[in-house]
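Quick caveat: nothing in here was measured; it's all calculated off a predicted structure. Chain letters run A, B, ... following the sequence lines, proteins first and then strands; every chain starts at 1.
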2 protein chains.
Amino acid sequence: MTKENPTLADVARLAGVSQMTASRALNGRSGVSRETRDEVLRIASDIGYVVNRTAQKLSGRRNGIIGIITPTLDTQFSSELILGAGRAARAAGCEVLIYTMSDEDRRMHHDVLGLVRQFSDALLAILPRDSLWLDSLAKAKLPVVVIDQRGTMHRFPSVSVDNYGGALLAVEHLIELGHTRIAFLGGGDSIEGVRDRQRGYVDALARHGLPHAPELIASGDLSQMTAFEVASRLINLADPPTAIFTANDQSAFGAIAAAREAGLRVPDDMSVVGFDDIPMAEQFHPALTTVRQPFQQMASSAVNTLLAQVAGNDASVQRVTFAAELVVRDSSGTVTSVRRRSAALQKARKPGR
Amino acid sequence: MTKENPTLADVARLAGVSQMTASRALNGRSGVSRETRDEVLRIASDIGYVVNRTAQKLSGRRNGIIGIITPTLDTQFSSELILGAGRAARAAGCEVLIYTMSDEDRRMHHDVLGLVRQFSDALLAILPRDSLWLDSLAKAKLPVVVIDQRGTMHRFPSVSVDNYGGALLAVEHLIELGHTRIAFLGGGDSIEGVRDRQRGYVDALARHGLPHAPELIASGDLSQMTAFEVASRLINLADPPTAIFTANDQSAFGAIAAAREAGLRVPDDMSVVGFDDIPMAEQFHPALTTVRQPFQQMASSAVNTLLAQVAGNDASVQRVTFAAELVVRDSSGTVTSVRRRSAALQKARKPGR
DNA sequence: CTGAAAGCGCTAACAT
DNA sequence: ATGTTAGCGCTTTCAG
């Protein structure tokens, strides 16, 4: 029937106690006798009472909601993170609410943050690419943890993967396989993590005495389509690379498609190594060799930091970095004979397209 | 400085009017003189006032938030829909809050719905595959619109694409290209839309006098990986299909990978047509021929229906269906000579794997 | 056109 | 261990 949602007052009345007592019992606070508590809980569950989190919040208390703000939803990168955050939050008895800030309407940072704050205790920010955001965040008076973007000002705790170290692993893997002309397909330099990957690439090369070839460093925008184009250019170089390390998995997919388009087989004629290890990496054909970000751990660390801050344990501004792990699959292999490669490229170039 | 967020009371005081007047002005209600209104708005904007939506909601008013509940975030299907909904909502001056119900914790339908209701005026449900959900939704006393799943009980307004018609388009396209052995790679029958696609496939065949070959109907789970396996089986049939129509794009990607694995070229030796036209479809290589769902339109229709209901225009339970559109790209082509195909398959089979 | 009072559901801060 | 009071920020009555 159309009976309204049960409220705390209902529970209290039915249990024959005051609202306050009911509240205490429900929240597991001290100051309630076992008996009373059990009774209250029983009644609450009986009538299907669900605490009203907006009221909770309005009254000044924390309401166990953590807000996630993300620029996009369509990257597996963010979905993985969100998934992990949700799990971690629920494990702690919290819920998660997601707010997307699509690129178009970066207009009202302020409003959005204001809104999020009204609804939640803390905010998990998944790196919008511009730092304007960071400014707005600074004004929001609530705990914030930023993922994968250490603000230049170090204003917020952040959690990220060891991008530099991961890149090192990837490139050294390629070097071990015998590659000497290794290209880097980056993603612009608006994202700090991506810049770190490039640094790792450069240093790995240097460390192994490999020449620094500027023409082998190209930059896309982390999208598959752009990566396809950029990789195509790389492949058509007079002296093309035998391997490409890309700044993310999506780019790797694009690079692989480009290699195929050029008549090269992966990994026989061209090795490709990505970064992220999104679920697709394993499903792709060929399965992608890539650097794994421990999304679940990162998310859960972020959530816990947030929760600690909410609880008052001021963990000051800290940055947590997780180790990256190289996952070797089928897109990387030993260098093929130069003859074969050249032949393949020649053949592919002639017909044109 | 650490001054708290401005509240309605602040605006009112500064403007020298009562809270009520300020409220009316801010909400664009009648009963306020132009002058007063302008003054209030000016002040509000000056001090950066942002209405507190939780308070708004608590006081019984609608707060302009529409909640979206989705089982997954990692399918481009849902991201597209969410994106579209966000746009439509913002166009109407509303905001959108997303709640994910990961498969694991389908436990507390009730709580989740309760929570969503507290935060928002209406609910857009991108449905989890089981209908238990529908039951819970029925109890939630707030406007609901369901996307792509017309509940068996027709309890909610729904918007979906013409799955049946879309499938017809896809299969007829294949038939026009000369294919006669066309397989269907489905996705189980828990989703009504997917079942409709299968019906479309069957009917298209029948309509063109093509034999109904049960062995050419296989079912996956809409994931790329499963599709790879299922498609592999299809390809290894004694009399394999020359084309595969898949229930969604992800499955098409898997099928293409399987074809390649078997030594077949797409589209030369095997045509593949998907369904959805997620952004990846265009970026994939080969670009995928697929049936487009007008995500943006669907989402915006859903949002508008929701908004209308909130506004009180009870549009009763209606179902909106959008036409599907065939997008021909590079993964479908005319049938190749059987000789070539057989040769390719023979060759691929011998080495084994 | 404007304002005062009361309350949404809950929780701190004081009582008892 | 339990109850009372007051108030979070806003809005709906109902009065001027």
Side-chain angles (χ1 to χ4, degrees), chain A residues 3-41 43-44 47-65 114-115 117-121 141-142 310 312, chain B residues 3-40 44 47-65 114-115 117-121 141-142 310 312:
Chain A
K3 81 172 148 201
E4 285 307 313
N5 290 322
T7 144
L8 182 60
D10 296 330
V11 177
R13 187 164 28 73
L14 259 33
V17 297
S18 74
Q19 280 200 35
M20 223 26 247
T21 304
S23 170
R24 283 192 267 253
L26 261 351
N27 291 344
R29 302 255 175 128
S30 62
V32 191
S33 72
R34 264 206 79 83
E35 289 184 346
T36 319
R37 156 160 306 148
D38 291 346
E39 177 64 359
V40 168
L41 292 181
I43 305 252
I47 65 176
Y49 169 77
V50 187
V51 61
N52 185 323
R53 309 238 186 196
T54 73
Q56 227 168 12
K57 190 72 192 170
L58 191 58
S59 80
R61 187 190 192 278
R62 58 197 169 94
N63 68 165
I65 301 263
L115 194 156
R117 180 178 51 247
Q118 295 163 5
F119 286 101
S120 42
D121 296 337
K141 293 264 175 268
L142 85 174
V310 171
Chain B
K3 81 171 149 200
E4 284 309 312
N5 290 322
T7 138
L8 182 60
D10 296 330
V11 178
R13 187 164 27 74
L14 258 34
V17 298
S18 74
Q19 278 201 35
M20 223 25 249
T21 303
S23 169
R24 284 193 266 254
L26 260 353
N27 290 344
R29 303 255 175 128
S30 62
V32 191
S33 71
R34 264 205 79 84
E35 289 185 344
T36 319
R37 156 159 310 150
D38 291 348
E39 175 65 359
V40 169
I47 65 175
Y49 169 77
V50 187
V51 58
N52 184 321
R53 308 236 186 199
T54 72
Q56 230 170 8
K57 190 70 191 171
L58 189 58
S59 79
R61 188 189 193 275
R62 58 198 167 94
N63 67 166
I65 301 262
L115 193 156
R117 181 178 49 246
Q118 295 163 5
F119 286 100
S120 41
D121 295 337
K141 293 262 173 269
L142 84 173
V310 171

Test item: B/Asn27 side-chain N/O and B/Arg29 main-chain N/O as donor-acceptor pair under 3.5 Å: no

B/Ser120 side-chain N/O to B/Arg117 backbone N/O, donor-acceptor pair under 3.5 Å: no

Atom [atom1] of [X] and atom [atom2] of [N]: how far apart are they, to the nearest Å?
X: A/Leu26; N: D/dT2; atom1: CG; atom2: C1'; result: 16 Å
X: A/Arg117; N: D/dG9; atom1: CZ; atom2: P; result: 11 Å
X: B/Lys57; N: D/dC10; atom1: NZ; atom2: P; result: 16 Å
X: A/Arg13; N: D/dT4; atom1: CZ; atom2: C1'; result: 18 Å
X: A/Leu115; N: D/dG9; atom1: CG; atom2: C1'; result: 15 Å

Short side-chain N/O contact from A/Thr21 to OP1 or OP2 of D/dT2, under 4.0 Å: no

Side-chain N,O (B/Thr36) to OP1/OP2 (C/dT2) below 4.0 Å: yes

Considering all heavy atoms, the nearest B/Tyr49-B/Leu8 contact: CE1-N, 3.3 Å

Non-hydrogen atoms of B/Pro6 and B/Gly48 that approach each other most closely: CG-O, 3.5 Å

Distance, nearest 0.5 Å, that separates CG of A/Asp38 from CD1 of A/Ile43: 11.5 Å

Separation of A/Ser18 OG from A/Arg24 CZ (nearest 0.5 Å): 6.5 Å

End axis versus end axis in the helix from C/dC1-D/dG16 to C/dT16-D/dA1, the angle rounded to 10°, five pairs used at each terminus: 40°

Between the protein and nucleotides 9-11 of chain C, list the N/O to N/O atom pairs that are separated by less than 3.5 angstrom.
| residue | atom | partner | partner atom | Å |
| --- | --- | --- | --- | --- |
| C/dG9 | N2 | A/Ala55 | O | 3.3 |
| C/dC10 | OP1 | A/Tyr49 | OH | 2.5 |
| C/dC10 | OP1 | A/Asn52 | N | 3.3 |
| C/dC10 | OP2 | A/Thr7 | OG1 | 2.8 |
| C/dC10 | OP2 | A/Leu8 | N | 2.3 |
| C/dT11 | OP1 | A/Asn27 | ND2 | 3.0 |
| C/dT11 | OP1 | A/Gln56 | NE2 | 2.9 |
| C/dT11 | OP2 | A/Ser23 | OG | 2.7 |
| C/dT11 | O4' | A/Ser59 | OG | 2.9 |

Any A/Asp121 side-chain heavy atom under 4.5 Å of A/Lys57 side chain: yes

Candidates B/Thr7, B/Asp10, B/Asn5 - the one meeting side-chain contact (heavy atoms from CB on, under 4.5 Å) with B/Ile47: B/Asp10

